[in-house]
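Worksheet for the structure shown next.
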Amino acid sequence: GAGVSQSPSNKVTEKGKDVELRCDPISGHTALYWYRQRLGQGLEFLIYFQGNSAPDKSGLPSDRFSAERTGESVSTLTIQRTQQEDSAVYLCASSSDSYTQYFGPGTRLTVL
Amino acid sequence: QKEVEQDPGPLSVPEGAIVSLNCTYSNSAFQYFMWYRQYSRKGPELLMYTYSSGNKEDGRFTAQVDKSSKYISLFIRDSQPSDSATYLCAMTYRDDKIIFGKGTRLHILP
């Protein structure tokens with residue numbers, strides 16, 4: 001079956017604009033995660049969904065960041081009023097248990 | 001003290017050598033330990049996972065967990081240039097959040 005997919009693969013935007021990133025998890029995976037990875041850095045946890053509820057939003061860097069998930073399917077990560085420090089690769093992962101996560105290819109966001 | 005520490009490297013070894021990658025951690029409650037491999041401009045892919053202490057082998061890869069020392073290792077035998085990537089350790093103690101190391105960049109020299 002298909003793996004985790006993310007769109008767009010690349011996004012260039014101007015400072016101050018809003019962006020929406022999409023993640024399609026593996027079918028049947030109840031858990032979904034968003035991470036941010038800055039150039040040459042490790043993974044920074046943003047938010048976790050179990051079904052369509054988000055028990056852990058502790059990683060969202062500011063109130064400009066929000067995410068939602070429809071059922072156990074697609075999730076969108078929205079960044080409002082983008083800043084240059086938001087430039088990074090945004091990775092989505094899904095899981096059917098608590099310890100094996102399958103990652104998508106990421107969305108490379110560049111804020112000019 | 002950070003929850004998970006991992007030397008960022010880079011680590012360069014000649015082809016065919018045995019590679020040892022390591023992480024230390026501070027939280028004794030961690031139960032599941034994972035290793036991910038990430039190629040440039042790709043998402044991480046799960047290589048191996050281990051529950052609690054002990055060894056696990058999969059082909060050229062061996063994962064080792066020493067909970068008494070709070071230390072985990074990944075060994076790669078007969079290393080190949082295609083093993084060149086960033087290796088991230090990860091661990092979890094509850095069913096909602098995985099803590100990742102920052103990754104070690106590995107270069108296998110032909």
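Chain identifiers are assigned alphabetically (A, B, ...) following the order of the sequence lines, protein sequences preceding nucleic acid strands; residue numbering begins at 1 within each chain.
Neither the backbone nor the side chain of B:Arg105 comes within less than 4.5 Å of any heavy atom of chain A. Residue B:Tyr36 touches chain A through its side chain alone, counting heavy-atom pairs closer than 4.5 Å. When heavy atoms are compared at a cutoff of 4.5 Å, A:Gln6 does not approach chain B at all. Only the side chain of B:Gln38 comes within contact range of chain A, with at least one heavy atom under 4.5 Å from a heavy atom of that chain.
Aromatic pair B:Tyr51/B:Phe33: centroids not less than 6.0 angstrom apart. Annotation: A:Phe103 is in aromatic contact with A:Tyr35 [ring centroid separation under 6.0 Å]. For B:Tyr25 and B:Tyr71, the gap between ring centers reaches or exceeds 6.0 Å.
No other option in A:Glu44, A:Gln41, A:Arg108 has as many heavy-atom pairs under 4.5 Å with chain B as A:Arg108.
Side-chain atoms of B:Thr104 come within 3.5 Å of backbone atoms of B:Asp7 as a donor-acceptor pair (strictly under, hydrogens ignored). Between the side chain of A:Thr110 and the backbone N or O of A:Ser87, no donor-acceptor pair lies under 3.5 Å.
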